[in-house]
Asker: 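Sharing a structure with you now.
Every value quoted in this text rests on a predicted model; they were computed, and no experiment measured them. When reading the values below, keep in mind they use all heavy atoms of this one structure, side chains included, and skip hydrogens, waters and symmetry mates.
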Amino acid sequence: MMLAAAAAALALALAQTASPSPNTAPTSAAITSQIRFSFEHPQFNPASYILLIREDGSGHYQANPVPAPAPKDAEGLPPAPVPPANKGRDIVIRDPLLSAFFEIAHSHHFFAIACDAPENHVAFTGKKTVNYAGPDGHGECTYNWSRDQQLNQLANDLMAVAYTIEVGRRLAVEQTHDRLGLDAELEGLQEAVKDHRALELENISSELQSIADDEAVMNRARKRAQALLNSGGSKH
């Protein structure tokens, strides 16, 4: 009995030690550094999105899609527009891409710099904002195009991650509503992987696997999905 009581007392003491008070402020070591990337272009769909990437590789993608044209009613008048639902998805970024993102942030003063080059008169390719926040510093800069090619490459890689997530969303819709469109979509994804316009395919592996296993999908599309799963196409 005494031994059981002593064990219970020890367990209680350990639990109290391991569980800090809710009023205790977190230490700097507990704060996770993160990079936030936002993109805006009124002629694209989605017209804007945000990528949040933490130092441990976890992250989130949030897009604001352009509303689809509303069908007209029996009298030829469009119904009241319905705002499209925001599209969000948890993601994971792996090395070497993950390390490259944070190395650029550290080498560029946590993005607390002037990074745009408006005097170069480069065609508008989208408003890009990179933000870093962490215990070691913070900063933000916005640009269409930068004279610093590392920043341009950073934006291209982040957009390639977003592109992959958007293709995964379209594949899921097409598998249900437009199976004949899957082959062209998957062919486009294969080309994007070759050109490094699509990265981190592990984030849509469930969609690709579902297509590869679906006997109702044409065989060519299933083979493309399986080839993408086997290709390691997410490597940077």
Asker: State, without any angle test, whether Tyr49 and Glu166 hold a side-chain donor-acceptor pair at a distance under 3.5 Å.
Answerer: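 Note: Tyr49 and Glu166 side chains miss the donor-acceptor criterion.
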Asker: Quick one: list whatever passes ring-ring contact (aromatic ring centres under 6.0 Å, His included) with Phe101, sequence neighbours left out.
Answerer: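 With neighbours one apart ignored, the set is empty.
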Asker: Can you tell me how far CZ of Arg197 sits from CG of Asn156, rounded to the nearest 0.5 angstrom?
Answerer: 11.0 Å
Asker: Using the rule that Ile, Leu, Val, Met, Phe, Trp and Tyr join whenever any side-chain heavy atoms are under 4.5 Å apart, tell me whether Phe37 and Leu52 fall into a single cluster.
Answerer: no
Asker: Using every non-hydrogen atom in the two residues, find where Cys115 and Tyr143 come nearest and quote the distance to one decimal.
Answerer: SG-CD2, 3.3 Å
Asker: If every non-hydrogen atom of Ser33 is compared with every non-hydrogen atom of Pro135, which pair is closest and at what distance?
Answerer: OG-CD, 3.4 Å
Asker: In the structure I gave you, are the side-chain heavy atoms of Glu55 and Gln34 within less than 4.5 Å of one another anywhere?
Answerer: no
Asker: Looking at side-chain heavy atoms only, is the closest gap between Thr142 and Lys127 below 4.5 Å?
Answerer: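 Touching, per the 4.5 Å side-chain cut-off.
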Asker: What distance do Lys223 atom NZ and Leu228 atom CG have between them, rounded to the nearest 0.5 Å?
Answerer: 14.5 Å
Asker: Answer whether the closest heavy-atom distance between the side chains of Gln209 and Gln226 falls below 4.5 Å.
Answerer: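 In contact.
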Asker: Which heavy atom in Met159 sits nearest to a heavy atom in Phe39, and how many Å separate them?
Answerer: SD-CE1, 3.5 Å
Asker: Is it the case that the side chain of Ser107 and the backbone of Ile104 share a donor-acceptor pair, with hydrogens and angles ignored and the cut-off at 3.5 Å?
Answerer: yes
Asker: Consider only side-chain N and O atoms of Gln175 and Ser210, and report whether a donor and an acceptor are under 3.5 Å apart.
Answerer: yes
Asker: Give a yes or no on whether a salt bridge exists between Asp56 and Arg54, defined as a side-chain N under 4.0 angstrom from a carboxylate O.
Answerer: no
Asker: Side chains of Asn64 and Ser48: donor-acceptor distance under 3.5 Å anywhere?
Answerer: yes
Asker: Please name all residues satisfying salt bridge (Lys or Arg N to Asp or Glu O under 4.0 Å) with Glu215, sequence neighbours left out, ordered by chain then number.
Answerer: none
Asker: Below 4.5 Å, heavy atoms only, C-beta onward: do Tyr61 and Thr164 meet side chain to side chain?
Answerer: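 No; the side chains remain at least 4.5 Å from each other.
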Asker: Quick check: does any side chain N or O of Arg222 sit under 3.5 Å from a backbone N or O of Asp214, one acting as donor and the other as acceptor?
Answerer: yes
Asker: Can you tell me how far the CD atom of Glu207 sits from the CG atom of Leu229, to the nearest 0.5 Å?
Answerer: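 Taking CD in Glu207 and CG in Leu229, the distance rounds to 10.5 Å.
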Asker: Does atom CZ (Arg179) have a neighbourhood of more than 12 heavy atoms from anything else shown, all under 6.0 Å?
Answerer: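 For Arg179, atom CZ is crowded (more than 12 foreign heavy atoms under 6.0 Å).
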Asker: Where do Gly181 and Glu174 come nearest, in terms of heavy atoms and distance?
Answerer: O-OE1, 3.7 Å
Asker: For Thr125 and Asn144, which I'm curious about, is there any donor-acceptor pair between the side chains at under 3.5 Å?
Answerer: yes
Asker: Is it the case that the ring center of His106 lies less than 6.0 angstrom away from the ring center of Phe110?
Answerer: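 Yes, they do, as the ring centres are separated by less than 6.0 Å.
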Asker: Side chains of Val92 and Ser58: does their closest heavy-atom pair fall under 4.5 Å?
Answerer: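 With C-beta onward as the side chain, the pair stays apart.
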Asker: Would you check if the side chain of Arg89 reaches a backbone N or O of Asn203 as a donor-acceptor pair within less than 3.5 Å?
Answerer: yes
Asker: Should Val161 and Leu97 count as side-chain neighbours, where that means a heavy-atom distance under 4.5 Å?
Answerer: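 Yes. Closest side-chain heavy atoms under 4.5 Å.
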Asker: Check whether any side-chain heavy atom of Met218 sits under 4.5 Å from a side-chain heavy atom of Leu182, and report yes or no.
Answerer: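 Of all side-chain heavy-atom pairs linking Leu182 with Met218, none is under 4.5 Å.
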Asker: Among residues at least two apart in sequence or on other chains, which ones pass salt bridge (Lys or Arg N to Asp or Glu O under 4.0 Å) with Asp148?
Answerer: none
Asker: Just to verify, what does Glu103 make a salt bridge (Lys or Arg N to Asp or Glu O under 4.0 Å) with, not counting sequence neighbours?
Answerer: none
Asker: Can you tell me how far apart CD (Glu187) and CG (Asp183) are? Round to the nearest 0.5 Å.
Answerer: 6.5 Å
Asker: Would Phe124 and His41 count as a close aromatic pair, with their ring centres under 6.0 Å?
Answerer: yes
Asker: In Å, rounded to the nearest 0.5 Å, how long is the span from CD of Gln149 to CG of Leu154?
Answerer: 12.0 Å
Asker: Is it true that Val167 and Ile50 fall in one hydrophobic cluster, defined by side-chain heavy atoms closer than 4.5 Å?
Answerer: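 Looking at the clustering, Ile50 is in a separate group from Val167.
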Asker: Considering residues at least two apart in sequence or located in another chain, which fulfil the side-chain hydrogen bond (donor to acceptor under 3.5 Å, both in side chains) criterion with His138?
Answerer: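 Listed in chain order: nothing, the list is empty.
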Asker: Under 4.5 Å between side-chain heavy atoms, counting indirect links through other Ile/Leu/Val/Met/Phe/Trp/Tyr residues: same cluster for Leu208 and Val173 or not?
Answerer: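 Per the 4.5 Å side-chain linkage, Leu208 and Val173 are not co-clustered.
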Asker: Does some side-chain heavy atom of Ile93 sit less than 4.5 Å from a side-chain heavy atom of Ile91?
Answerer: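 A side-chain contact under 4.5 Å exists here.
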Asker: Provide the closest heavy-atom pair for Ile35 versus Ala105 in the form atom of the first, atom of the second, distance.
Answerer: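 Here Ile35 and Ala105 meet closest at CD1-CB, 4.2 Å.
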Asker: Tell me yes or no: between the side chains of Gln62 and His60, is some donor less than 3.5 Å from an acceptor?
Answerer: yes
Asker: Mind checking the CD-CG spacing from Glu140 to Asn131? Nearest 0.5 Å is all I need.
Answerer: 4.5 Å
Asker: State which residues pass salt bridge (Lys or Arg N to Asp or Glu O under 4.0 Å) with Lys194; sequence neighbours excluded, sorted by chain then number.
Answerer: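 Once residues adjacent in sequence are excluded, the partners of Lys194 under the salt bridge (Lys or Arg N to Asp or Glu O under 4.0 Å) criterion are Glu191.
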Asker: Hydrophobic cluster membership, with links at side-chain heavy-atom distances under 4.5 Å among I/L/V/M/F/W/Y: are Tyr163 and Ile204 in one?
Answerer: yes
Asker: With distance as the sole test, does Asn152 use its side chain to make a donor-acceptor pair with the main-chain N or O of Ser146 at under 3.5 Å?
Answerer: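 The answer is yes, because a donor-acceptor pair under 3.5 Å joins these two groups.
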